[in-house]
Amino acid sequence: MRKTYAFLILGATLLASTAAAQRVDNQKEYDACLALAAHDAEEAFEAAIAWAGLGGGDPAQHCAAVALYRMGKYDHAAQRLQTLAQRSRSASAELRAGMLAQAAQGWMLHGDLDRALAAADAAIDLEPNDAALLVDRAQIRGQAGDFTGALIDVDTAIGYGWDTADALVFRAAALRALGRADE
């Protein structure tokens, strides 16, 4: 009886220390996975899936999505990112909006502008004053031919102080497409 009790205590202690070690190592694993994705996306995807199976959680899933994106599998990456953003209710609005913005870019590169716009809208719903998200949505709207909407987004972003080169270029392109090149 005593041996069983000691074994249970040892098992619980090992499990607790393993869980703590996994928590500490998750940042290291995440950083390594993202670094690997930069030069070998396929290997990074496999590593992320294996890590997810060992309890890597959302960081592992995010790395898998990044790897898919780097492999040019934009639709699969976008779907994973959207699902992760929707599932990660404990994550901050800023973090979830960032994942949705990444999903929007994936959908845009895949050529699905409706889904790209929906993801961008969802990101802006979470972070309505984020000028970078507005510029991203302006790009999607411009590609979809909604130059009025693109101009509104860019003008709003510029009003927030986001007068970067890309915002100004998108504004000029939208104005030209609307026949207002003089502006």
Side-chain angles (χ1 to χ4, degrees), residues 26-27 29-39 41 44-45 48-49 51-52 56-174 177:
N26 270 345
Q27 186 62 50
E29 288 292 328
Y30 183 65
D31 293 341
C33 189
L34 291 179
L36 183 58
H39 69 275
F45 180 76
I49 296 302
W51 176 32
D58 290 350
Q61 293 300 328
H62 185 259
C63 186
V66 169
L68 286 168
Y69 187 90
R70 295 225 181 231
M71 286 188 280
K73 297 179 179 184
Y74 304 120
D75 57 334
H76 296 294
Q79 186 61 59
R80 278 181 180 263
L81 288 162
Q82 260 186 288
T83 300
L84 186 57
Q86 292 165 350
R87 190 184 71 218
S88 300
R89 293 291 174 202
S90 63
S92 69
E94 181 181 15
L95 183 60
R96 290 174 43 225
M99 287 185 275
L100 288 165
Q102 290 175 327
Q105 288 186 2
W107 288 125
M108 185 176 64
L109 290 170
H110 181 64
D112 192 335
L113 298 179
D114 291 335
R115 288 176 99 171
L117 187 56
D121 288 344
I124 292 168
D125 286 346
L126 290 169
E127 291 288 312
N129 299 320
D130 189 317
L133 294 175
L134 289 165
V135 172
D136 287 349
R137 185 172 69 180
Q139 182 182 14
I140 296 165
R141 285 181 163 177
Q143 284 193 8
D146 177 10
F147 301 109
T148 300
L151 184 60
I152 291 168
D153 281 347
V154 171
D155 280 346
T156 303
I158 291 171
Y160 291 154
W162 193 268
D163 57 350
T164 60
D166 60 339
L168 296 173
V169 167
F170 289 146
R171 184 177 193 279

Is the shortest side-chain heavy-atom distance between [X] and [Y] below 4.5 Å?
X	Y	value
I124	L134	yes
D112	D75	no
R80	T83	no
Q86	R96	no
H39	L36	yes
I140	Q105	no

[X] to [Y] - nearest heavy-atom pair and separation:
X	Y	result
D163	L168	O-CD1, 3.7 Å
A48	A60	CB-O, 3.5 Å
A93	E127	CB-OE2, 3.5 Å
Q61	A52	NE2-CB, 3.5 Å
V154	A167	CG1-O, 3.1 Å
A120	A104	N-CB, 3.8 Å

Open item on the list: Looking only at the side chains, is there a donor atom on one of Q79 and W107 sitting less than 3.5 Å from an acceptor on the other?
Closed with: no
- [ ] Verify the distance criterion only: is there a donor paired with an acceptor across the side chains of Y69 and H76 at less than 3.5 Å?
- [x]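 No - no donor-acceptor pair under 3.5 Å links their side chains.
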TODO: Spell out, as yes or no, whether a donor-acceptor pair under 3.5 Å connects the side chain of S88 to the backbone of A91.
DONE: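 Such a contact is absent between S88 side chain and A91 backbone.
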TODO: Start with the C-alpha gap between H62 and L81, add the side-chain angles, then the distance that decides, and say whether side chain to side chain contact (heavy atoms under 4.5 Å, CB included) holds.
DONE: CA-CA 7 Å; H62 185 259; L81 288 162; 3.6 Å; yes
- [ ] Apply side chain to side chain contact (heavy atoms under 4.5 Å, CB included) to the pair L34 and V66, showing each step before the final yes or no.
- [x] CA-CA 7 Å; L34 291 179; V66 169; 4.0 Å; yes
TODO: Using the side chain to side chain donor-acceptor pair (under 3.5 Å) rule, pick out the option among D121, T156, D146 that qualifies with R137.
DONE: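 The single option meeting the side chain to side chain donor-acceptor pair (under 3.5 Å) with R137 is D121.
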- [ ] With sequence neighbours excluded, give me every disulfide bond (SG atoms under 2.5 Å apart) pair touching residues 61-142.
- [x]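 Sorted result for residues 61-142: C33-C63.
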Using 0.5 Å steps for rounding, measure from the [atom1] atom of [X] to the [atom2] atom of [Y].
X	Y	atom1	atom2	value
D125	L100	CG	CG	9.5 Å
F170	D155	CZ	CG	14.0 Å
Q143	M108	CD	CE	5.0 Å
Q102	L84	CD	CG	9.5 Å
F147	R141	CZ	CZ	12.5 Å

Task: Within 6.0 angstrom of E94 CD, more than 12 heavy atoms from elsewhere - done: no
Open item on the list: Applying salt bridge (charged side-chain N to carboxylate O under 4.0 Å, His left out), can you list everything that pairs with R115, at least two apart in sequence or on another chain?
Closed with: none
- [ ] Check the pair M71, F45 against side chain to side chain contact (heavy atoms under 4.5 Å, CB included), reporting the backbone distance first and the verdict last.
- [x] CA-CA 9 Å; M71 286 188 280; F45 180 76; 3.8 Å; yes
- [ ] Before giving the answer on side chain to side chain contact (heavy atoms under 4.5 Å, CB included), spell out for L113 and L117 the whole-Å C-alpha distance, their side-chain angles and the decisive distance to 0.1 Å.
- [x] CA-CA 6 Å; L113 298 179; L117 187 56; over 6 Å; no
